[in-house]
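What follows is a short report on a single structure.
These numbers come from a predicted model, not from an experiment.
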Amino acid sequence: MKENYLYKCFITLFICFIIDSTISFFLPYNYTKTSITIIPCIGLMMFALLVKTVKGPERYFFAAVSGVYYSVVYSNSLAIYILIYCLIAFVRSYIIKIESLSLIEASVFCVSTILVEEIIVYWLMWITNMTNYSLMNFALMRLLPTLALNLVLSFLVYWVYNHIKIEVK
């Protein structure tokens, strides 16, 4: 019964990633980098909330598998998302020790997580010359629209998280 909650976490996260893919199909994504790009991060927000329910070393297994899945399916960079997801697991578990977050706290935490993730990915792409986006263009064309959408979506993610009630028994 103990491992049952971990399966529920993986299934919930997998469904959130599928919803991300579906939503992103309808949102603007500009390959020429001349207009707005919006990235939904429902899976990342749900992971940030769910990781506190996973106990012990399983927390980092959950983070690593989630990071590998995201890297393989959604990005071209394998190691960075594994590290980002493990970093989120560490921060949520050892730095932010609040057991249950209120709606506002969860929204701020989720949006902050997305902000840090986007900045890390942009910085790594910039130092490796994979992007020529200026910081201002990145902030106006991708970061702010992504944060605005995900702030709204964070309320829905929080509601779902509270209703699925994954707990270790």
Minimum heavy-atom separation for Tyr60 and Cys86, please, with both atom names. CE2-O, 3.8 Å
Looking at side-chain heavy atoms only, is the closest gap between Leu49 and Cys110 below 4.5 Å? yes
Using the rule that two of Ile, Leu, Val, Met, Phe, Trp, Tyr join whenever any of their side-chain heavy atoms come within less than 4.5 Å, decide whether Ile42 and Val108 are in one cluster. no
Grab the two heavy atoms, one from Met141 and one from Pro145, that are nearest each other, plus how far apart they are. O-CG, 3.9 Å
If we only count heavy atoms from C-beta on, is the Ser107 to Tyr158 side-chain gap below 4.5 Å? no
Could you state the interatomic distance from CD1 (Ile11) to SG (Cys16), rounded to the nearest 0.5 Å? 12.0 Å
If you take the centroid of each ring, where Trp contributes its six-membered ring, are Phe47 and Phe62 closer together than 6.0 Å? yes
Aromatic rings Phe10 and Phe61: how do their planes relate, parallel, tilted or perpendicular, breaks at 30° and 60°? perpendicular
Test log, rule side-chain contact (heavy atoms from CB on, under 4.5 Å), inputs Ile120 and Leu83: CA-CA 11 Å; Ile120 289 171; Leu83 294 173; over 6 Å; no
Can you name the nearest heavy-atom pair linking Gly43 to Leu13, along with the distance? O-CD1, 3.1 Å
Drop me the distance from Cys9's SG to Glu58's CD, to the nearest 0.5 angstrom. 9.5 Å
Rounded to the nearest 0.5 Å, how far does OG of Ser24 lie from CD1 of Ile39? 7.0 Å
Within the structure provided, determine whether Trp159 and Leu103 are in side-chain contact (heavy-atom separation under 4.5 Å). no
Do Ile104 and Val111 belong together in a cluster built from hydrophobic side chains that touch within less than 4.5 Å? no
Counting neighbours of OH on Tyr74 that are heavy atoms of other residues, nucleotides or ligands and sit closer than 6.0 Å, is the number greater than 12? yes
Side-chain heavy atoms of Leu149 within contact of Pro40, under 4.5 Å: yes
List the steps and the verdict of side-chain contact (heavy atoms from CB on, under 4.5 Å) for Met125 and Tyr133. CA-CA 9 Å; Met125 290 179 71; Tyr133 242 178; over 6 Å; no
Is there a chain of hydrophobic side chains (I, L, V, M, F, W, Y, each step under 4.5 Å between heavy atoms) that links Trp126 to Leu144? no
To the nearest 0.5 Å, tell me how far Ile23 CD1 sits from Cys41 SG. 10.5 Å
Looking only at heavy atoms, the pair that brings Ser93 and Lys52 closest together is O-NZ, 3.5 Å
Distance from Thr146 atom OG1 to Leu151 atom CG, nearest 0.5 Å? 12.5 Å
With the side chain counted from C-beta on, respond yes when Leu50 and Ile164 share a heavy-atom pair under 4.5 Å apart, and no when they do not. yes
Would Val51 and Arg59 satisfy side-chain contact (heavy atoms from CB on, under 4.5 Å), going step by step from the backbone distance to the final call? CA-CA 6 Å; Val51 76; Arg59 175 178 299 130; 3.6 Å; yes
Phe155 atom CZ: more than 12 heavy-atom contacts under 6.0 Å: yes
Ser66 and Tyr85: which non-hydrogen atoms are nearest, and at how many Å? CB-CD2, 3.8 Å
Would Ile84 end up clustered with Ile127 when hydrophobic side chains under 4.5 Å apart are linked, directly or stepwise? yes
Validation row, ring centre Phe17 to ring centre Tyr69 under 6.0 Å: yes
Non-hydrogen side-chain atoms of Arg92 and Leu101 separated by less than 4.5 Å: yes
Under 4.5 Å between any side-chain heavy atoms of Tyr122 and Leu143, yes or no? no
Do Ile15 and Tyr161 share a hydrophobic cluster (ILVMFWY, side-chain heavy atoms under 4.5 Å, transitive)? yes
What closest approach, in Å, do Thr12 and Met46 show between heavy atoms, and which atom pair accounts for it? CG2-CG, 4.0 Å
Could you walk me through whether Phe138 and Glu118 pass the side-chain contact (heavy atoms from CB on, under 4.5 Å) check? CA-CA 10 Å; Phe138 168 74; Glu118 287 287 323; 4.1 Å; yes
Between the CH2 atom in Trp123 and the CG atom in Leu135, the distance rounded to the nearest 0.5 Å is 13.5 Å
Heavy-atom side-chain contact between Arg142 and Ile36 under 4.5 Å: no
